[in-house]
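Below is one structure, written out as C-alpha coordinates, with a few remarks after it.
These values consider heavy atoms only, across backbone and side chains, with no hydrogens, waters or symmetry-generated copies.
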Amino acid sequence: MTQAGGPQYPEPTGPVPPQAGMPVPPAAPARSKKPKNPKRRQKIVLTVFLIVVAAILALVWVATRSNGENAQVGNCVTESGENYVKIVDCGDSSATLKVVARVEDKTQTEAQVSACTAYPDADQVFWEGKEGETGVVLCLAKTGK
(Lines give C-alpha, C1' and ligand atoms only; values in the text may rest on other atoms or scores of the structure.)
Protein backbone atom coordinates (compact mmCIF):
# COMPACT_ATOMS: atom_id res chain seq x y z
CA MET A 1 0.00 0.00 0.00
CA THR A 2 1.38 3.39 -0.89
CA GLN A 3 0.51 6.73 0.55
CA ALA A 4 1.18 9.97 -1.16
CA GLY A 5 3.87 11.92 0.58
CA GLY A 6 4.70 9.41 3.24
CA PRO A 7 7.13 6.56 3.71
CA GLN A 8 6.36 3.44 1.89
CA TYR A 9 6.17 0.11 3.74
CA PRO A 10 5.80 -3.32 2.24
CA GLU A 11 2.53 -5.07 2.90
CA PRO A 12 2.76 -7.75 5.60
CA THR A 13 2.72 -11.28 4.22
CA GLY A 14 2.48 -13.27 7.49
CA PRO A 15 1.24 -12.78 11.01
CA VAL A 16 2.06 -9.46 12.55
CA PRO A 17 4.52 -9.80 15.43
CA PRO A 18 3.23 -8.49 18.74
CA GLN A 19 4.14 -4.94 19.55
CA ALA A 20 5.96 -4.06 22.72
CA GLY A 21 3.59 -3.69 25.66
CA MET A 22 0.76 -5.66 24.05
CA PRO A 23 -0.32 -8.93 25.71
CA VAL A 24 0.65 -12.11 23.92
CA PRO A 25 -2.28 -14.50 23.37
CA PRO A 26 -1.71 -17.87 25.02
CA ALA A 27 -0.50 -20.62 22.76
CA ALA A 28 -2.96 -23.36 21.98
CA PRO A 29 -2.29 -26.39 24.18
CA ALA A 30 -0.53 -29.19 22.43
CA ARG A 31 -2.84 -32.12 21.93
CA SER A 32 -1.24 -35.25 23.14
CA LYS A 33 -2.71 -38.53 22.09
CA LYS A 34 -2.60 -40.38 25.39
CA PRO A 35 -3.83 -43.92 25.13
CA LYS A 36 -6.99 -44.46 27.15
CA ASN A 37 -6.46 -46.36 30.35
CA PRO A 38 -7.94 -49.85 29.75
CA LYS A 39 -7.79 -50.66 33.49
CA ARG A 40 -10.05 -47.71 34.26
CA ARG A 41 -12.53 -48.82 31.61
CA GLN A 42 -12.50 -52.37 33.04
CA LYS A 43 -13.20 -51.04 36.52
CA ILE A 44 -16.13 -48.98 35.25
CA VAL A 45 -17.61 -51.93 33.33
CA LEU A 46 -17.14 -54.24 36.32
CA THR A 47 -18.79 -51.73 38.66
CA VAL A 48 -21.79 -51.31 36.36
CA PHE A 49 -22.07 -55.10 35.98
CA LEU A 50 -22.01 -55.63 39.75
CA ILE A 51 -24.67 -52.96 40.27
CA VAL A 52 -26.93 -54.62 37.69
CA VAL A 53 -26.45 -58.07 39.27
CA ALA A 54 -27.18 -56.67 42.74
CA ALA A 55 -30.34 -55.00 41.44
CA ILE A 56 -31.55 -58.24 39.84
CA LEU A 57 -30.89 -60.21 43.04
CA ALA A 58 -32.74 -57.59 45.09
CA LEU A 59 -35.73 -57.78 42.75
CA VAL A 60 -35.79 -61.59 42.95
CA TRP A 61 -35.62 -61.43 46.73
CA VAL A 62 -38.45 -58.90 46.94
CA ALA A 63 -40.57 -60.91 44.51
CA THR A 64 -40.11 -64.25 46.31
CA ARG A 65 -39.93 -63.32 49.99
CA SER A 66 -43.67 -63.81 50.45
CA ASN A 67 -43.72 -67.27 48.82
CA GLY A 68 -45.18 -69.99 50.99
CA GLU A 69 -41.97 -72.01 50.94
CA ASN A 70 -40.35 -69.22 52.98
CA ALA A 71 -43.03 -69.31 55.70
CA GLN A 72 -41.92 -70.06 59.24
CA VAL A 73 -43.90 -71.26 62.27
CA GLY A 74 -46.13 -68.41 63.43
CA ASN A 75 -46.45 -66.76 60.01
CA CYS A 76 -49.89 -66.23 58.57
CA VAL A 77 -50.64 -67.16 54.98
CA THR A 78 -53.46 -66.93 52.51
CA GLU A 79 -54.33 -69.35 49.75
CA SER A 80 -53.44 -67.76 46.46
CA GLY A 81 -54.39 -70.27 43.81
CA GLU A 82 -54.92 -74.00 43.90
CA ASN A 83 -51.43 -75.03 45.05
CA TYR A 84 -49.95 -71.79 46.30
CA VAL A 85 -49.90 -69.88 49.56
CA LYS A 86 -48.57 -66.41 50.18
CA ILE A 87 -47.22 -64.98 53.43
CA VAL A 88 -49.34 -62.09 54.72
CA ASP A 89 -49.48 -60.03 57.89
CA CYS A 90 -51.52 -61.79 60.59
CA GLY A 91 -53.62 -58.63 61.03
CA ASP A 92 -54.60 -58.69 57.35
CA SER A 93 -58.17 -59.79 56.62
CA SER A 94 -56.86 -62.22 53.99
CA ALA A 95 -54.79 -64.11 56.61
CA THR A 96 -56.92 -67.24 56.83
CA LEU A 97 -54.25 -69.77 57.81
CA LYS A 98 -51.39 -69.85 60.32
CA VAL A 99 -48.28 -72.03 60.11
CA VAL A 100 -48.21 -74.36 63.14
CA ALA A 101 -45.31 -76.49 61.87
CA ARG A 102 -42.72 -76.59 59.13
CA VAL A 103 -41.37 -80.01 58.15
CA GLU A 104 -38.37 -80.31 55.79
CA ASP A 105 -37.40 -83.07 53.35
CA LYS A 106 -40.75 -84.77 52.76
CA THR A 107 -42.14 -86.06 49.49
CA GLN A 108 -45.55 -84.96 48.30
CA THR A 109 -47.04 -88.32 49.33
CA GLU A 110 -45.49 -88.14 52.80
CA ALA A 111 -46.87 -84.61 53.14
CA GLN A 112 -50.43 -85.74 52.44
CA VAL A 113 -50.26 -88.92 54.56
CA SER A 114 -48.20 -88.31 57.66
CA ALA A 115 -46.13 -85.12 57.78
CA CYS A 116 -48.55 -83.20 60.01
CA THR A 117 -50.03 -86.00 62.18
CA ALA A 118 -47.91 -84.86 65.12
CA TYR A 119 -49.65 -81.46 65.00
CA PRO A 120 -53.33 -81.88 65.97
CA ASP A 121 -54.07 -78.17 65.37
CA ALA A 122 -53.21 -78.53 61.67
CA ASP A 123 -56.29 -78.38 59.42
CA GLN A 124 -54.47 -78.27 56.09
CA VAL A 125 -51.19 -79.35 54.57
CA PHE A 126 -49.19 -77.38 52.03
CA TRP A 127 -46.27 -79.02 50.23
CA GLU A 128 -43.74 -77.08 48.14
CA GLY A 129 -41.14 -78.90 46.05
CA LYS A 130 -40.39 -80.59 42.74
CA GLU A 131 -42.41 -83.57 41.62
CA GLY A 132 -40.64 -86.80 42.63
CA GLU A 133 -38.26 -85.04 45.04
CA THR A 134 -38.46 -83.89 48.64
CA GLY A 135 -39.73 -80.50 49.63
CA VAL A 136 -41.10 -78.41 52.49
CA VAL A 137 -44.36 -79.15 54.26
CA LEU A 138 -46.33 -76.46 56.05
CA CYS A 139 -48.88 -77.65 58.58
CA LEU A 140 -51.59 -74.99 58.61
CA ALA A 141 -54.36 -74.14 61.07
CA LYS A 142 -57.34 -71.88 60.35
CA THR A 143 -57.16 -68.45 61.95
CA GLY A 144 -60.92 -68.08 62.39
CA LYS A 145 -61.20 -65.12 60.00
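In this structure, Phe49 shares a hydrophobic cluster with Leu46, Leu50, Val53, Leu57, the cluster being traced through Ile, Leu, Val, Met, Phe, Trp and Tyr side chains under 4.5 angstrom apart.
The hydrophobic clustering, which links ILVMFWY residues whose side-chain heavy atoms are closer than 4.5 Å, places Val99 and Leu97 together. Leu140 and Val103 are not part of a single hydrophobic cluster, where members link through side-chain heavy atoms under 4.5 Å apart.
Asn75 places a side-chain N or O within donor-acceptor distance of the main-chain N or O of Gln72, the cut-off being under 3.5 Å. Without hydrogens or angle criteria, Thr143 side chain to Thr96 main chain gives a donor-acceptor distance under 3.5 Å. Looking only at distances, no side-chain donor or acceptor of Thr78 sits under 3.5 Å from a matching main-chain atom of Ala95.
Taking both residues in full, the closest heavy atoms of Glu128 and Phe126 are given as OE1-CZ, 3.3 Å, listed atom of the first, atom of the second, then distance. Val137 approaches Lys106 most closely through the heavy-atom pair CG2-CB, 3.6 Å. Closest approach of Ala122 and Cys116 over heavy atoms only: CB-CB, 4.3 Å. Here the shortest heavy-atom pairing between Ala71 and Arg102 reads O-NH1, 2.7 Å. For the pair Ala101 and Val73, the tightest heavy-atom approach, listed with the atom from each and the gap, is CA-CG2, 3.8 Å.
Within the structure, side chain to side chain donor-acceptor pair (under 3.5 Å) contacts touching residues 109-126 (residues at least two apart or in different chains) are Thr107-Glu110.
The side chain to side chain contact (heavy atoms under 4.5 Å, CB included) search around Glu131 returns Gln108, not counting sequence neighbours.
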